[in-house]
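Accompanying notes for the structure given below.
Lettering follows sequence order; numbering is per chain, from 1.
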Amino acid sequence: MNWFVRLLTSSLGRKLIMSLTGLFLITFLLVHLGGNLQLLNNDEGKSFNLYAKMMTTNPIIKITSYGLYFFILLHAVQGLLIWNKNRVATGTKYAVKKKSPGTTWASNNMALLGTIVLVFLGIHMGDFWFAMKYQTWPDAEAGRELIKYTLDDGTISEAKNLYGKVNWSFSQAWIVIVYLVSMIGLGFHLWHGFESAFQTLGLNHKKYTPFIRLVGKIYSVLIPALFALIPIMYFLGMRFPDWLVFHFI
Amino acid sequence: MAGKTINIKVKVWRQGGKYPKGQFETYDLKDVGTDMSFLEMFDVLNEQLVSKKEMPVAFEHDCREGICGTCSMVIDGQPHGPMKGTTTCQLHMRSFKDGATITVEPFRAKSFPVIRDLVVDRSSFDAIIQAGGYISVNTGQAQDANAIPIEKDTSEKAFDAATCIGCGACVAACPNSAAMLFTSAKVSHLATMPQGKVESQKRVQAMVNQMDKEGFGMCSNIKACEAECPKEISTDNIALMNREYLASVLGSDKEG
Amino acid sequence: MSDKLKSNVPEGDLAEKWMNYRGTMPLVAPGNKRNIEIIVVGTGLAGASAASTLGELGYKVKCFTFHDSPRRAHSVAAQGGINAAKNYQNDGDSVYRLFYDTIKGGDYRSREANVHRLAEVSRDIIDQCAAQGVPFGREYGGLLANRSFGGVQVSRTFYSRGQTGQQLLIGAYSSLSRQIARGSVTMYNRHEMLDLVKVDGKARGIITRNLLTGKIDRHAAHCVVLATGGYGNVFYLSTNAMNSNVSAGWRAHKKGAFFANPCYTQIHPTCIPVSGEYQSKLTLMSESLRNDGRVWVPKKKEDCKKDPLSIAEEDRDYYLERIYPAFGNLVPRDVASRAAKYVTDDGRGVGATGLAVYLDFASAIERYGKSEANMKGISNPTKAQIVELGEAIVKEKYGNLFHMYEKITDENPYKTPMKIFPAVHYTMGGIWVDYNLQTTIPGCFALGEANFSDHGANRLGASALMQGLADGYFVIPYTIGTFLSKEIRTPIYSAEHTDLEKLKKENTDEEGNIKEFITPNAPEFIEAENAVKERIKTFLNVNGSQSIESFHRRLGRIMWDYCGMSRNAEGLAKARKMIQELRAEYHKDVFVPGSNEEYNPELEKALRVADFMELGELMVCDALNRNESCGGHFREEYQEGGGEALRNDEEYMYAAAWEFTQDNSDWNLHKEQLEYKDIEVKTRSYK
């Protein structure tokens, strides 16, 4: 067997894939959050819709997004394969199950948490990407029209009203609840996943690891919380105060 | 320290002989001295069974001082029982309450098949060591021991990894039945020392490949192994092995 | 000297014997080694090191252990360290001094040439182990650290915290694993040797039982190496592992290997005292603790039940320091154990049973604490500061031992003194071997604790590991050639060659003489196999009413009471009778559950206990025969001034090698006279 194939099929190699794709997705989350926070600007969706237009038209970003889809799938499929392999390796279950002291609930349930995130991704993509493309939601009219925005330099830019779709979705209580539950799941997934990715890469150091862990903990609480803030504020009809206008990129 | 006794029920996994498929049997034990070790409690139970002309519960044990790594029980869901940094043989009955029902199961993992009752086959560990858990030095080839100075902390670190007694509690504790702590402890012990550094690149690939071949699960850094390890070996060793492995596969011309 | 005992010690100056011998002894050429098969039984330090080294040399080795893995042999439990005459501490150590200390420590009852060889190769062992990656304790400068052990005045003990045995064994086990991977050693885990097979007077193989399936197998080889450890478990309670047993050695003994000095038993002074009837084994607290711990009992009997901390300094009797000012708490084991016996016999023992003495670390904690405070520049440290700093140092040195003590006794030894008491630990006696480590059966060798040669009547601390590895790494690989060089023309056939007549024909020369050849299908093998099967059947058929364990416990009680720390003629005679009765009862009333064809630890035990009973009787015989006190053998009739051992060099300066007779309860004594040419024989004094 070729060394590279062997690497990718070895237990450590497969974990390496999980780690690297995981770190990529962690980075992506930051970008995604940055864009989304613009939804909270009190500007009737102008900044967000323009940003969304840029994201869908820029060829580099388009290519990157295919990479992103691939990595999400790779992370998910590999994760499920590993879960299955481990299930087989474990064989007979213990009659008395006890979580080992000092281990986190999250670490013991990564496959479950990952699955929650995966299901959420399906809903999320269906809700926005698919719905936007095929105009499927009840109040679709609001998103169909192109809105003309006057940019700072005076030029006019036409953009789809994704903001309208968001506004509609987050007025539905069940969607908001799905988002909140999923963000909690994501938070737990990251709670373990963040530092685990570094451990798998062997990036463990007496001096730096405590710092990495701290960043991981902050990240895994803060990022999902900020994501969750959007549906909550929409549902409550709240926006950033006028003095706070957040521009990403 | 003398005198106290408790009454307990022991729910033990029996497999083989009368119990071809394996099942739990519950036994009553009266007046168990709290200064008794857990295995001595089993001795008493077995004497009871033998006096009734029954087959005693098979369990493995040898040194009874926590160093040979032979004993292998999961007690109330924890390998080697509830006490941290302790093998079953060093666990004492004072850790249990009067009236308790104690469930005792064998180490569970596909790569540790049950032989009888609480006895499992851990030869997969030997296979991992045979794959490369050594320094290739023939008898008589060595230079003077003091010719290789090793910084004290480095030596202590290698020692910490080397304290592994090969009991398999890490595998038994791991929800994935991974053997990463065992394998990494050996990799780390040898890679940390200059003597072992020489062939560390080959070693890590060979040992990881063998570990995979033995059918162990994959690590997801839960660290249950570290929590249940009777020698409290750190999962830092796993990180070190990951690093060594990736560096070896990607950064050297060695193939495992 | 008996003509059956040829020590084969080479001529020449003591210091050059081994070197010259090594340079001139017959060898087996590499090409021939490939055709020679060796059986090694046991995978402790001696067995694993022998098997791996013989494998490295090119021999075909079959290695057997009853454990599930070679790494579990009881060498693993040695705590304190391993001696070597490296003189790294520049404190005046030398090969001669190690030799001298060992002979003196053994109370002038060991073979001079063997001990000198041991001292010589001790240095190579440390080099070898360091190269294998054994993580020895080190100084800040990166060089190896040493500590002191009993009976010596230098620091020559190398250590890996409190688990030196485990680290050395892992070293040997990893070497062995490498040979297994290379195919030069075939490993048989969970196989117990149940008999030795002799063909034409030579050891040619063994009969084993597969402990998982009960299958009885015949294994043939050119020679057999026994590295099967000691027999301390004859006492039931000892520091040995539960499965340690004498059976392999005893089977060899019954086939003609003489058993030497069986009465020399080492009672280790620092063990955790017995706490109850159910007790299954005793746990050692390393001798290294006596580097810093002070042994004492109350001066007044009425203080014995008091809290030790409440007993004033002037009411404590630091009896070892008082009686033996030159060595203090670091007197040899036999001396320290006996002293503990005297003070407890005197009614000054402590603990619930009155069978314990204190091992106190308070002064060490204070001393280390003060020195640490000094180094840290703390002027006028408080008592609490000193204790805290001191405890940290003690923890670093003995942390795992203290931890273990606390786990077993539920007492914190940092705060309150440890309670300790002597317990059976090691057996200096064993199978008689010559200088080549060959037993009285040609082709049968014995290494490590299984043989008798190096420690005389008492072993010094940290010397067992040294001897095991010396025998395995540096002695047997050479000396086995003295036998095997004559065997290069003897072919060996595997069990598949079942047609014995055909083999005979193949090995018949032109003149019609049948040449020697080896096959596990030889009638001797078949006979031995059948005998083993018969023996197993007999035990399974007794179907009595008492458990094996109960018999073992009773045997142990007899041995401890009459053949333990001190013995007398009357007690020994009584013990012999008691053992004979117990033996008879055992064969009539023991209950062995289950069958042979399954995993059956009770059956294993039944066979082992039967052998222990026979050995027990021989030990008593030997103790009765030796009308003197020396080392671990203390006869109450022979003592002087305050209970010191009184040797009788005139009559007993010999190794007593016992030959088994078919009578089963009678042995012939052969004497190997011991000569000391390079050392002055003195009364052993540590005062």
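Interface residue Glu40(B): only side-chain heavy atoms are found under 4.5 Å from chain C. At a 4.5 Å heavy-atom cutoff, the contact between Ile180(C) and chain B is made by side-chain atoms alone. Interface remark: Val592(C) contributes no atoms to any contact with chain B (heavy atom separation under 4.5 Å). Only the side chain of Tyr88(C) comes within contact range of chain B, with at least one heavy atom under 4.5 Å from a heavy atom of that chain. Using a 4.5 Å cut-off between heavy atoms, Ser51(B) does not touch chain C at all. Contacts between Ile150(B) and chain C at a heavy-atom distance below 4.5 Å involve backbone atoms as well as side-chain atoms. Interface remark: Asp144(B) contributes backbone and side-chain atoms alike to the contact with chain C (heavy atom separation under 4.5 Å). If you measure heavy-atom distances from Thr192(B) to chain C, you find no contacts under 4.5 Å at all. For Leu143(C), the parts lying under 4.5 angstrom from a heavy atom of chain B are both the backbone and the side chain.
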Working for salt bridge (Lys or Arg N to Asp or Glu O under 4.0 Å), residues Asp160(B) and Arg161(C): CA-CA 10 Å; Asp160(B) 286 338; Arg161(C) 284 189 218 157; 3.0 Å; yes
Check against salt bridge (Lys or Arg N to Asp or Glu O under 4.0 Å), Glu60(B) and Arg190(C): CA-CA 12 Å; Glu60(B) 283 202 290; Arg190(C) 295 189 194 271; 2.8 Å; yes
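Chain B forms more heavy-atom pairs under 4.5 Å with one residue of Gly133(C), Gly142(C), Gly137(C) than with any other, namely Gly142(C). When Gln163(C), Gln279(C), Glu549(C) are compared by the number of non-hydrogen pairs under 4.5 Å with chain B, Gln163(C) comes out ahead. Highest contact tally toward chain C, considering only Gly166(B), Gly133(B), Ala158(B), is held by Gly166(B) [criterion: heavy-atom pairs under 4.5 Å]. By number of non-hydrogen pairs under 4.5 angstrom with chain B, the leading residue of Phe591(C), Tyr140(C), Tyr473(C) is Phe591(C). Annotation: maximal heavy-atom pairing with chain C below 4.5 Å, among Glu151(B), Glu54(B), His189(B), Met41(B), occurs at His189(B). Ranked by heavy-atom pairs under 4.5 Å with chain C, the first of Gln141(B), Met36(B), Met83(B), Lys186(B) is Met36(B). Among Cys164(B), Gly132(B), Gly196(B), the residue making the largest number of heavy-atom pairs under 4.5 Å with chain C is Cys164(B). Of the listed residues Gly16(B), Cys63(B), Ala147(B), the one with more heavy-atom pairs under 4.5 angstrom with chain C than any other is Cys63(B). Per-residue counts of heavy-atom pairs under 4.5 Å with chain B were compared for Arg123(C), Glu602(C), Gln79(C), Gln179(C); the largest is that of Glu602(C). Across Val119(B), Leu91(B), Asp43(B), the residue that shares the most heavy-atom pairs under 4.5 angstrom with chain C is Val119(B).
Between the CG atom of Asp68(C) and the OG atom of Ser123(B) there is a distance of 8.0 Å, given to the nearest 0.5 Å. Taking CD1 from Ile135(B) and OG from Ser175(C), the interatomic distance works out to 9.0 Å, rounded to the nearest 0.5 Å. Asp62(B) CG to His74(C) NE2: the interatomic distance, rounded to the nearest 0.5 Å, is 7.5 Å. A distance of 8.0 Å separates CE in Met285(C) from CD in Glu65(B), rounded to the nearest 0.5 Å. One distance of note links OG1 of Thr86(B) with NZ of Lys407(C); it measures 3.5 Å at 0.5 Å rounding. The distance from the OG1 atom of Thr139(B) to the CZ atom of Phe474(C) is 6.0 Å, given to the nearest 0.5 Å.
The two residues Arg94(B) and Thr409(C) make their nearest non-hydrogen contact at NH2-C, 3.9 Å. Residues Arg72(C) and Ile165(B) share a closest heavy-atom pair of NH1-O, 3.3 Å. Nearest heavy atom pair, residue Ser174(C) against residue Tyr134(B), reads O-CB, 3.4 Å.
Between the side chain of Gln167(C) and the main chain of Ala162(B), a donor-acceptor pair closer than 3.5 Å is present. The backbone N or O of Ala145(B) lies less than 3.5 Å from a partner atom in the side chain of Asp127(C), making a donor-acceptor pair. Remark: side-chain polar atoms of Gln195(B) are paired, donor with acceptor, to backbone N or O of Ala130(C) under 3.5 angstrom. Between the side chain of Glu156(B) and the main chain of Pro135(C), no donor-acceptor pair closer than 3.5 Å is present. The backbone N or O of Pro149(B) sits nowhere less than 3.5 Å from a side-chain atom of Arg138(C) that would complete a donor-acceptor pair. In this structure, the side chain of Asn146(B) engages the main chain of Leu144(C) through a donor-acceptor pair within 3.5 Å. Remark: the backbone N or O of Met242(C) is not paired with any side-chain donor or acceptor of Arg64(B) at under 3.5 angstrom.
Using a 4.5 Å cut-off on side-chain heavy atoms (C-beta onward), Arg178(C) and Gln130(B) make no contact. Looking at Met55(B) and Glu598(C), their side chains come closer than 4.5 Å, going by heavy atoms from C-beta outward. With a 4.5 Å cut-off on side-chain heavy atoms, Lys53(B) and Asn543(C) count as touching. Looking at Gln132(C) and Met193(B), their side chains never come closer than 4.5 Å, going by heavy atoms from C-beta outward.
Among Val76(C), Leu169(C), Asn243(C), the single residue meeting the side-chain contact (heavy atoms from CB on, under 4.5 Å) criterion with Cys68(B) is Val76(C).
Applying the ring-ring contact (aromatic ring centres under 6.0 Å, His included) criterion to Phe182(B), with sequence neighbours excluded, gives Phe125(B). Residues that satisfy the side chain to side chain contact (heavy atoms under 4.5 Å, CB included) test with Phe107(B), not counting sequence neighbours, are Ser72(B), Val74(B), Pro79(B), His80(B), Phe112(B), Val120(B), Arg122(B), Ala169(B), Ala172(B).
Using a 3.5 Å distance cut-off with no hydrogens or angles, the side chains of Glu47(B) and Ser547(C) do pair a donor with an acceptor. With hydrogens and angles left out, the side-chain atoms of Asp410(C) and His92(B) include no donor and acceptor closer than 3.5 Å.
A salt bridge is defined here as a Lys NZ or Arg NE, NH1 or NH2 lying under 4.0 Å from an Asp or Glu carboxylate O, and Asp126(B) with Arg71(C) fails to meet this definition. At a threshold of 4.0 Å, the pair Glu396(C)-Lys152(B) counts as salt-bridged, since one of the basic side-chain nitrogens sits closer than that to a carboxylate oxygen.
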